[in-house]
Every structure is written in structure tokens, then in C-alpha cells.
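So the structure is just underneath, and the comments pick up after that.
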Amino acid sequence: MSEYLILRHRAIPGLERLPVYLEHQGFAAFRKAVTELQPAQVIQMVKDSGLRGRGGAGFPTGLKWSFLPNDLWPHYVVANADESEPGTFKDREIMESNPFQFLEGLMIASYAVQANVAYIYIRGEYWHIAKWLDQKIAELEQAGLLGEHLFGTDYSLRLYTHLGAGAYICGEETALLESLEGKLGQPRLRPPFPATAGLYNRPTVVNNVETLANVPLIVLNGPAWYHNYGTDKSPGTKVFSLSGCVNQPGNYELPFGVTFRQLIFEHGGGVPEGRTLKAVMTAGASSVLIPMDESVLDTPMDYESLNKFGGSLGSASVIVLDDSVNMAWLTQKTVNFFKHESCGKCTPCREGTYWMNRLAERIMRGQASLREVDLLYQVARQMQGKCLCALGEFSTLAVVSSIDRFRADFEAVVTKEPIYG
Amino acid sequence: MNTLLTKYADEIRAILAKYPPEHKRSAVMPLLYLAQREAGYVTAQAMAEIAEILEISITDVASIVGFYTLYYDQPHGRYHIQVCTDLPCALRGAEDFLKALCQALGIEVGQVTPDGLFTIEEVKCIGACHRAPVFQVQGDGEIVFHENQTLETALAVIEALRQKAQQEKEGTA
Ligand SMILES: Cc1cc2nc3c(=O)[nH]c(=O)nc-3n(C[C@H](O)[C@H](O)[C@H](O)COP(=O)(O)O)c2cc1C
Ligand code: SF4
Ligand code: FES
């Protein structure tokens with residue numbers, strides 16, 4: 001794609017520096033919002049744009065902002081920069097190379113819900129990015145773009161970074177809020193939702209970094225302009241993180257509706273060493289395996305089209321798998337991830353991921369028969385619908401779909417005879 | 001006496017200022033990072049001091065240390081060499097890379113080199129899957145990424161850290 005909405009730094013060198021960002025209409029949208037628009041008008045613009053959350057669920061952003069009650073204060077906005085799904089590295093590029101567009105989006109979101117304090121929750125491994133954003137925030141304070149009485153109005157705003165410390169579950173928004181409150185990062189029972197009882201029990205918006213980075217251009221150019229990109233129901237562009245068995249892994253910003261074929265072959269350069277494409281995961285490790293053949297390759301990638309495979313676009317972390325990959329091995333890899341990351345709060349997930357991991361390990365060590373494969377399948381099926389948060393469900397997706405769709409891969413690694421005892 | 005508070009009064013004040021005064025418990029994670037930078041791990045004394053600053057129990061602080069993987073309550077090697085072997089990296093040779101690195105250093109995952117400087121660890125995705133093999137070095141209060149690695153470049157990174165430690169030792173000797 002020749003035109004970038006989010007990865008604009010690829011077209012504009014130096015965009016990570018404030019003077020350059022300002023030269024390219026930087027903070028014009030924030031200024032316009034604060035000085036010319038009512039908060040409700042900003043929310044309406046974002047609603048009309050059709051912007052949907054990029055953190056995984058695709059929830060309409062403007063609608064989310066409109067849920068905050070106006071009789072309970074203060075309000076908070078929290079940027080979700082926990083980015084920990086295996087195969088996801090897009091928010092990192094945005095924050096490293098186009099940090100001001102993300103910060104401006106966060107600032108506009110804060111104005112829209114009249115929050116005077118916003119936090120950026122960043123995964124601990126992105127230590128260097130937190131430090132970098134702290135510098136950028138200090139520059140904005142010096143430039144009078146953050147602080148008290150912005151543009152001579154009575155609106156004030158402060159931004160703070162908060163570093164996580166290695167826990168995938170803290171990307172789940174209620175676990176994130178617990179963590180930000182200084183507690184264990186374990187999900188809360190919902191309802192109530194963060195919009196009514198979020199950070200410190202106050203109305204809170206949680207949005208992904210990429211979602212927020214979309215906001216300045218929407219406010220600047222208007223919602224109708226935004227519909228020039230993407231599909232009817234999923235307008236705009238998406239940053240796809242492409243990884244695994246592909247010649248040119250990396251981030252690709254493309255309009256929603258781009259096909260697997262375009263992403264993997266035109267942009268990603270196809271699979272290495274003349275091997276053939278076998279399957280794709282679209283939401284990192286939290287994905288079903290979508291077997292790939294000629295007919296599937298032309299499926300558009302948006303929030304709706306992947307339903308027919310029982311899949312979802314999630315964070316658009318596309319892991320490419322070729323014919324050198326055994327799906328029993330892959331299952332063990334994903335299950336081990338979820339066992340490691342289960343927060344332990346609810347029994348089905350804590351115990352289920354433990355047992356799935358044990359079974360998958362035995363299968364891969366050649367110490368199990370098809371009986372154990374079926375048991376693994378049953379454990380996964382029994383977990384479904386019973387876990388407190390989506391992590392538990394995520395942990396079953398690759399297991400069930402790989403046994404359903406690639407049973408031969410399991411047959412290749414198990415023993416012929418059942419092992420008793 | 002609260003040694004953490006005495007030594008880092010300004011820094012701690014700046015951390016606490018980020019959160020509403022009635023919710024200062026939020027500062028537990030940044031304070032743990034501060035304590036860990038000081039000693040290489042979070043000592044029992046530091047936990048007690050943090051509990052005192054935030055007016056929460058020592059058990060509360062200890063449970064946070066236990067929950068999050070980037071905090072340590074025991075001394076390890078000064079530098080944690082954390083190699084990602086999660087799915088996308090494993091598809092690009094990360095498991096072989098880890099094996100070769102362990103062999104070259106003569107230790108296994110979880111062990112410390114004889115000079116006490118390096119611990120090798122296997123970690124989950126760190127957001128650099130397109131540049132596998134990758135590892136991060138956690139130590140001296142920082143986390144530094146090393147991407148697109150080979151055994152040679154990794155050993156060079158480790159050697160540079162070793163020399164840095166050696167020079168510091170001679171400097172203070
Ligand atoms: C286990 C789990 C992990 C998640 N990790 C992230 C994450 O790393 N980043 C993120 O933005 N959202 C993540 N989410 C989604 C968040 O809960 C939340 O929906 C999102 O931050 C909302 O922002 P959005 O509406 O802008 O997408 C995760 C959800 C679950 C269940
Ligand atoms: S499903 Fe797993 S991660 Fe979610 S609350 Fe239960 S134990 Fe924790
Ligand atoms: S899987 Fe290794 S950095 Fe993502």
C-alpha cells in the first residue's frame with residue numbers, strides 16, 4: 001500500500017521527532033477537539049467513522065467511549081500497550097516510530113471522555129519504549145500541549161506510563177486495571193465493565209495503542225474520509241504482524257479486506273525454500289488453525305469473514321505455517337504458552353492448561369497413543385465456555401482445531417499401542 | 001530506617017506523584033523495579049520497606065513479586081539472558097539457537113555461568129518475532145533487546161558485558 005494512516009513514519013522520515021510531527025499537522029486534531037468541539041461531538045465523529053478496537057475484539061470505539069456515565073467522576077483513559085500475544089509486534093513499531101500520533105490519539109480520547117489523567121500500561125519487556133515515551137511526554141509538557149489550561153481552556157491533562165512486569169494476562173483489560181492498581185494481574189468478574197467501574201472503581205476507557213493511533217486522522221479529516229479505506233463493517237486499515245514460515249516477516253499496514261494471498265504472497269514474499277503453505281493462525285497463539293488451500297487464500301481478512309472457519313481476526317497477528325510444521329508440535333507449543341500464562345484464578349483454566357500441557361508433552365515425547373490425543377481433545381472441549389476470562393478459551397482453540405483438522409500429524413508422533421499405567 | 005526511601009527520596013516522590021494519593025498502592029510495581037535495580041533482585045528488606053512506604057502488608061508486596069516473571073526474589077547471574085523460544089520464533093530456528101548458546105556457554109537453561117554473571121532463561125514472546133532469533137538482557141535495571149541474532153553475535157554481546165563487569169571490578173579494586 002502506498003498510503004499509510006498508522007505507519008506514517010515509513011513515508012515521513014523523522015516523524016518520531018516533535019518538530020517533524022508538528023510540521024505534518026501534528027496535534028492539529030487535538031487542538032481542534034479541545035478548542036472547537038464538544039466532547040460529545042468528538043465521540044460522535046469516532047462513532048461515525050466506524051473505528052473498531054484493534055486489541056482483538058473489534059468493539060466499536062466511539063460506542064465504548066459513549067458508555068461512560070456523566071454522574072461519576074473522575075474518568076480515566078488507559079492505553080493498552082501490553083502487546084504480549086505471540087506473533088504481535090505492531091504496537092511496538094507505532095510507539096517506537098510514530099509515538100506522537102499514538103499519544104495524540106490518547107489525548108483526544110481523554111478529552112472526549114473528559115479524563116484529566118491517562119495511563120499507558122506497557123509490558124515490562126518494552127522498558128526502552130516506556131523510557132522513550134516518558135521523554136516524548138516531557139516534550140509535550142514543555143510545548144504546552146500537555147498540562148493545565150490547554151490552549152487557554154479549562155481542560156487539563158496529564159499522561160503517565162506504567163510498566164508491567166511479564167504477565168500476558170495483564171493485556172486483558174480488567175487484569176490490566178488490577179495490575180495498575182498495584183494488585184495481582186487477575187481478571188475481574190464482569191459486569192460491571194470498566195466503562196462504569198474501571199480504574200479505582202471509576203468510569204474508564206481502555207483502548208489498544210493502534211486503535212488510539214487512528215483517532216487523530218479521523219478528527220482531522222472527518223468520518224466520511226475514513227470510510228475510503230477498508231470494508232463497510234471494518235473501515236480503515238490494519239497493521240498486520242506477519243511471522244513464522246514466511247520470507248519477509250514484518251508489519252504490513254493494509255486496508256481491511258485484504259486477502260490471505262495478498263498478505264502472505266504479495267507482501268510477505270511467500271513461504272521459504274519452495275515449501276507449501278499448510279495453515280495460518282490469524283490471532284497469534286489465540287487462534288484456530290485455518291487450513292490453507294487455493295480457495296481459502298482469497299478470503300478477505302476483516303472481522304466478519306473469518307467466522308466461517310470458526311476463527312477471528314483478533315490482533316491480526318498472522319503466523320504462517322508451512323508443510324514442515326507438525327501440528328502436534330505446534331499444539332504443544334501453544335498449550336505450553338497458556339499453561340505458563342494462566343493466572344490461576346479459576347479452576348478450569350488453571351487445571352485445564354496444566355493437563356493439556358502434560359498430555360501434549362507426552363505426545364511429543366512419543367510416550368502416548370491416540371488415546372491420549374483424544375483425552376487432550378476432551379480436556380480442551382470441557383474447558384470451553386467454563387473459564388472466567390477469554391484466556392482459558394484461547395488456550396483450547398489451537399488444540400481442538402489441530403486435532404480436528406490435522407489428525408494425521410498426531411498419528412505420526414504417537415505410539416501404535418496404547419500405553420497403560 | 002527506610003534505606004530505599006532515604007537513598008531515592010526524589011525518585012520515589014516522582015513515582016508516587018503519578019497516582020492519586022489515596023491509591024498509592026499503584027506504585028508497587030515501579031518501586032519493585034527500583035529495588036531490583038539496586039540489588040539485582042528484590043531483597044526481603046526492600047519488600048518490607050516498600051510495604052512501609054505504600055502502607056500495605058509485606059505479604060501483598062511478596063505476592064506481586066511472585067506473580068510477575070520479571071521480578072526476582074533470589075540472586076541470580078547479574079545478567080539474565082532471556083531467549084525467546086515461543087511459537088513464531090521457534091518456527092525460525094530459536095530452539096536450535098538456544099541449544100547452541102547453552103553449549104557455547106557450557107550451562108543449561110536456568111543455570112548461572114561460573115563467574116556468576118549470566119543466567120540463561122527461556123522466555124515467551126517478547127514482540128520481536130519478525131527478527132528471530134532474539135533475546136533480551138535483563139540486568140542493571142534495564143532490559144535490552146538483541147535481534148536477528150546468530151551464535152557469533154550473541155557471544156559478542158555476552159563478551160562485551162563480561163568486559164564491562166571486569167572493568168568495573170578493576171576500577172573499584
Ligand atoms: C488474554 C487476553 C489478552 C489480551 N491482550 C491484549 C493486549 O496485549 N493488548 C490489547 O490491546 N488488548 C488485549 N486484549 C484485549 C483487551 O482486553 C481489550 O479488549 C482491549 O484492550 C480493548 O481495546 P480496543 O477496544 O481498542 O481493542 C487481551 C484480551 C485477553 C482476553
Ligand atoms: S481463564 Fe485463566 S487467565 Fe482467565 S481468569 Fe481463569 S485462570 Fe485466569
Ligand atoms: S515469538 Fe519470539 S519474539 Fe515473538
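Quick caveat: nothing in here was measured; it's all calculated off a predicted structure.
Neither the backbone nor the side chain of Ala94(B) comes within contact range of chain A, judged by heavy atoms closer than 4.5 Å. Residue Leu184(A) touches chain B through both its backbone and its side chain, counting heavy-atom pairs closer than 4.5 Å. Residue contact with chain B, scored on non-hydrogen atoms closer than 4.5 Å, involves the backbone and the side chain of Cys343(A) alike. With a 4.5 angstrom heavy-atom cutoff, Ile169(A) touches chain B only via side-chain atoms.
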Candidate polar pairs, chain B side and chain A side, donor-acceptor under 3.5 Å:
| unit_1 | atom_1 | unit_2 | atom_2 | d |
| --- | --- | --- | --- | --- |
| Lys18(B) | O | Tyr119(A) | OH | 2.7 |
| Lys18(B) | NZ | Thr161(A) | O | 2.6 |
| Tyr19(B) | OH | His162(A) | ND1 | 2.6 |
| Arg25(B) | NE | Gly182(A) | O | 3.1 |
| Ser26(B) | OG | Leu180(A) | O | 2.6 |
| Ser26(B) | OG | Tyr200(A) | OH | 2.6 |
| Tyr33(B) | OH | Gly164(A) | O | 2.6 |
| Tyr68(B) | OH | Ser179(A) | OG | 2.9 |
| Tyr68(B) | OH | Lys183(A) | O | 3.2 |
| Tyr68(B) | OH | Gly185(A) | N | 3.2 |
| Thr69(B) | N | Ala165(A) | O | 3.2 |
| Thr69(B) | N | Gly166(A) | O | 3.2 |
| Thr69(B) | OG1 | Gly166(A) | O | 3.1 |
| Leu70(B) | N | Ala165(A) | O | 2.9 |
| Thr85(B) | O | Lys333(A) | NZ | 2.7 |
| Arg92(B) | NH1 | Gly244(A) | O | 2.7 |
| Arg92(B) | NH1 | Val246(A) | O | 3.1 |
| Glu95(B) | OE2 | Lys333(A) | NZ | 2.6 |
| Lys124(B) | NZ | Asn336(A) | OD1 | 2.5 |
| Cys125(B) | O | Arg123(A) | NH1 | 3.2 |
| Cys125(B) | O | Arg123(A) | NH2 | 2.8 |
| Gly127(B) | O | Arg92(A) | NH1 | 2.8 |
| Gly141(B) | O | Trp127(A) | NE1 | 3.4 |
| Glu147(B) | OE2 | Arg92(A) | NH1 | 2.9 |
| Glu147(B) | OE2 | Arg92(A) | NH2 | 2.8 |

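Among Val28(B), Val144(B), Ile64(B), the residue with the largest count of heavy-atom pairs under 4.5 Å with chain A is Ile64(B). For the set Val117(A), Leu163(A), Leu242(A), the entry with the most heavy-atom pairs within less than 4.5 Å of chain B is Leu163(A). The choice from Gly185(A), Cys245(A), Gly344(A) that makes the most heavy-atom pairs within less than 4.5 Å of chain B is Gly185(A). Ranked by heavy-atom pairs under 4.5 Å with chain B, the list Gly244(A), Gly250(A), Ala167(A) is led by Gly244(A). Top candidate by heavy-atom pairs under 4.5 Å with chain B, chosen from Ala165(A), Pro249(A), Gly87(A), Gly166(A), is Ala165(A).
Among all heavy-atom pairs drawn from Leu330(A) and Ala398(A), the shortest one is CD2-CB, 4.4 Å. Between Cys89(B) and Val134(B), the shortest heavy-atom contact is SG-CG2, 4.0 Å. Shortest non-hydrogen contact noted between Ile50(B) and Ala35(B) is CD1-CB, 4.1 Å.
Listed by first then second residue, pairs satisfying ring pair (Phe, Tyr, Trp, His ring centres under 6.0 Å) with a partner in residues 86-109 of chain B number zero, not counting sequence neighbours. Residue pairs meeting the side chain to side chain donor-acceptor pair (under 3.5 Å) criterion with at least one partner in residues 99-113 of chain B, sequence neighbours excluded, are Thr113(B)-Asp115(B).
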(message) side chain to side chain donor-acceptor pair (under 3.5 Å), that's the test. Do Thr150(B) and Thr153(B) meet it? Break it down for me.
(response) CA-CA 5 Å; Thr150(B) 60; Thr153(B) 57; 3.3 Å; yes
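Inter-residue side-chain proximity for Leu161(B) and Phe118(B) is flagged as met; some heavy-atom pair is nearer than 4.5 Å.
For the residue pair Gln163(B)/Gln167(B), the side-chain donor-acceptor check at 3.5 Å is not satisfied.
Taking 4.0 Å as the cut-off between side-chain N and carboxylate O, Glu49(B) and Lys7(B) do not count as a salt-bridged pair.
For Glu159(B), the salt bridge (charged side-chain N to carboxylate O under 4.0 Å, His left out) test picks out Arg162(B), with sequence neighbours left out.
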